[in-house]
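A short worksheet on the structure shown next.
Counting begins at 1 with the first residue of the sequence. Every heavy atom of this structure was used, including side-chain atoms; hydrogens, water molecules and symmetry mates were not. Indexing begins at 1, ligand by ligand and atom by atom, following the structure's order. Just so it is clear, the model here is predicted, and its values are computed rather than measured.
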Amino acid sequence: MDKLIIEGGHPLKGTINVSGSKNAALPILIACLLVKGTVRLTNVPRLRDIFTTLKLLNILGCETTFEGNTVTAKVTELKHEAPYELVKTMRASVLCLGPLLGFLGEAKVALPGGCAIGARPVDLHLKALERMGARFILDSGYIHGVCGSLIGARIVFDFPTVGGTENLLMAASVAKGCTILENCAREPEVVDLANFLIACGARIRGAGTAVIEVEGVRELKGCEYRVMPDRIEAGTYLVAGAITDGELTLVDCPLEELDALVSKLREMNVQVERQEGGTVLVRRGGELVGVDVTTQPHPGFPTDMQAQLMALMCVAAGTGSIQEKIFENRFMHVSELGRMGARISLKDRTAMVRGVPQLVGAPVMASDLRASASLVLAGLVAQGTTEVQRIYHLDRGYERMEEKLSAVGARIRREKE
Ligand code: UD1
């Protein structure tokens, strides 16, 4: 297992290229199961979850190549079973259900694992697919679904689930007739998946709003598509610039998808500006101050940026708060930040953060993907050495993070534990 060693206290200066979005690339890769012909996807980040997805596609009968950041995918003969060995490491595998049912009328997918952030059930996916005619049984840890063919339906999600909306978008694209999805997730990654499906010939209207209409088509054809840049990676580097009192320029930063984060950063006295040529500049505009944040479905403040903003609030003046409304149990970074001298108290789903003048380096343990990022950020500003253990979580979601950070002046290196 690898760990990261960080010597804190060095302001970051320079340029960072934002990678392609993991959370957009995953469903788009899985949607390749629906396509007749070859798909060529560019801007795919080289991350553990992507390699796992490619393995899953291969097992399901889709051949892939991955060179640089380009994936080609072509279905040869589709199979319906996604085994536990793969699915247990990545929750997004449940997205196979929609395409497999839509295409084969049968799907057997192990119940997913993934980040340890709360119960994370898939009941909303199943309920919605049932509305389209699928029937499910739970069989030795597998969800086994069958249907004659999926039939268009009107589906109102109880909660705007990102994965659920994506699963149904894929299923409805090849279903018989028209599907109307209501109370949909409006995340940019849902829009990216819809745009990909449209490029393959799907008929989808309204992605990015609460109501999406899908007219099923007989088949989808191959296309070439560029995956959107990763807004959470970009947001993490915005915080890195601010926390180290540095000055960073981000290339390919999807600023328009980061409104909720940017407005909180500005409230904290961080300047974030689009520059000529499209790059984004981040630096402090004054003393950092605490703010109150509540995570919400998009366009509200993203839960995936909560831990990183908390690291920034740890060194801001005054008190701030973070209320987590999307996931239970997503505060595992709190006790680790505490080991670095942060003053955070937790009550139910709200963390109160009292800023301290200085964090102090310590050995800390990463518990999930975004929690790992917050510990790295804290390490960048802490006095002395921070050792972030279990960074396999980080490798699931950040492409070459230590390389990107070293190139802008961070003292950070990877070592074997
Ligand atoms: C996706 C993102 C993840 C992000 C999350 C919320 C990917 C691969 N992952 O996860 O990084 O943090 O959106 O923005 O894109 N829920 C149910 N039943 C369901 C489905 C969800 O109760 O059937 C609950 C979940 O437990 C959670 C909430 O709804 O509390 C949000 O989940 P959802 O939007 O589905 O998140 P994911 O798609 O899993």
Side-chain angles (χ1 to χ4, degrees), residues 20-31 44-45 47-50 52-53 56 87 89-98 109 111-131 136 138 143 145 155-171 181 183-194 210 227-228 230-233 235-236 257-258 260-261 294-309 323-332 349 368-374 393-394 396-398:
S21 160
K22 165 181 92 75
N23 284 357
L26 292 177
I28 291 176
L29 282 168
I30 290 173
V44 180
L47 296 172
R48 239 187 51 194
D49 275 7
I50 299 291
T52 307
T53 306
L56 185 62
V87 173
T89 62
M90 196 187 61
R91 183 185 153 77
S93 321
V94 77
L95 293 174
C96 297
L97 277 178
V109 177
L111 266 173
C115 279
I117 46 173
R120 301 189 82 173
V122 292
D123 55 316
L124 302 177
H125 301 232
L126 303 187
K127 224 164 96 180
L129 288 165
E130 276 173 352
R131 297 269 306 145
F136 293 100
L138 196 60
I143 303 165
I155 293 158
V156 185
F157 288 108
D158 291 342
F159 179 87
T161 154
V162 174
T165 305
E166 292 168 345
N167 222 337
L168 269 287
L169 259 182
M170 293 187 270
L181 303 172
N183 198 24
C184 292
R186 292 179 280 167
E187 268 68 2
E189 293 77 15
V190 171
V191 179
D192 212 36
L193 171 66
V227 175
M228 67 176 282
D230 197 311
R231 66 190 167 106
I232 304 301
E233 190 205 15
T236 303
E257 323 291 8
L258 283 164
L261 170 67
T294 303
T295 63
Q296 303 275 6
H298 192 78
F301 190 91
T303 173
D304 284 355
M305 276 305 303
Q306 176 256 101
Q308 301 90 313
L309 198 78
Q323 195 182 2
E324 173 57 58
K325 285 250 193 136
I326 306 296
F327 292 110
E328 49 188 292
N329 199 16
R330 204 179 198 180
F331 279 132
M332 265 115 71
R349 287 184 167 205
D368 70 50
L369 170 53
R370 307 304 168 184
S372 329
S374 78
H393 291 293
L394 203 68
R396 291 184 52 205
Y398 289 89

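- Using a 4.0 Å cutoff on heavy atoms, A185 does not count as a contact of ligand 1.
- Not a single N or O atom of A92, backbone or side chain, sits closer than 3.5 Å to an N or O atom of ligand 1.
- For a threshold of 3.5 Å applied to N or O pairs, the pair formed by G164 and ligand 1 contains no separation below that value.
- When only interatomic distances are considered, the shortest N/O to N/O separation between K22 and ligand 1 does not fall below 3.5 Å.
- Using a 4.0 Å cutoff on heavy atoms, H125 counts as a contact of ligand 1.
- Using a 4.5 Å heavy-atom cutoff, the side chains of E189 and R231 are in contact.
- Taking every non-hydrogen atom of F159 and a distance limit under 4.0 Å, the qualifying atoms of ligand 1 come out as 28 (C), 29 (O), 31 (C).
- A salt bridge does not link D368 to R396: none of the charged side-chain nitrogens sits closer than 4.0 Å to a carboxylate oxygen.
- Within the listing of ligand 1, atoms 35 (O), 38 (O) sit less than 4.0 angstrom from a heavy atom of G163.
- Between T161 and N167, the closest side-chain pair of non-hydrogen atoms is not below 4.5 Å.
- The distance from the CD1 atom of I50 to the CG atom of L26 is 4.5 Å, given to the nearest 0.5 Å.
- Within the 4.0 Å heavy-atom criterion, neither part of I232 lies near ligand 1.
- Per-residue contacts place R330 under 4.0 angstrom from the following atoms of ligand 1 (heavy atoms of the residue considered): 12 (O).
- Put simply, the side chain of M305 does not reach to within 4.5 Å of the side chain of R370, judged on heavy atoms.
- Residues passing the side-chain contact (heavy atoms from CB on, under 4.5 Å) test with K127 are D158, sequence neighbours excluded.
- If you number the atoms of ligand 1 from 1 as listed, the ones under 4.0 Å from a heavy atom of T303 come out as 6 (C), 12 (O), 14 (O).
- Closest approach of Y398 to L47, counting heavy atoms only: C-CD2, 3.3 Å.
- In the candidate list L95, L26, D304, D304 is nearest to atom 11 (O) of ligand 1, counting heavy atoms.
- No side-chain heavy atom of D192 sits less than 4.5 Å from a side-chain heavy atom of E166.
- Of the N or O atoms in N23, one or more lie within a sub-3.5 Å distance of an N or O in ligand 1.
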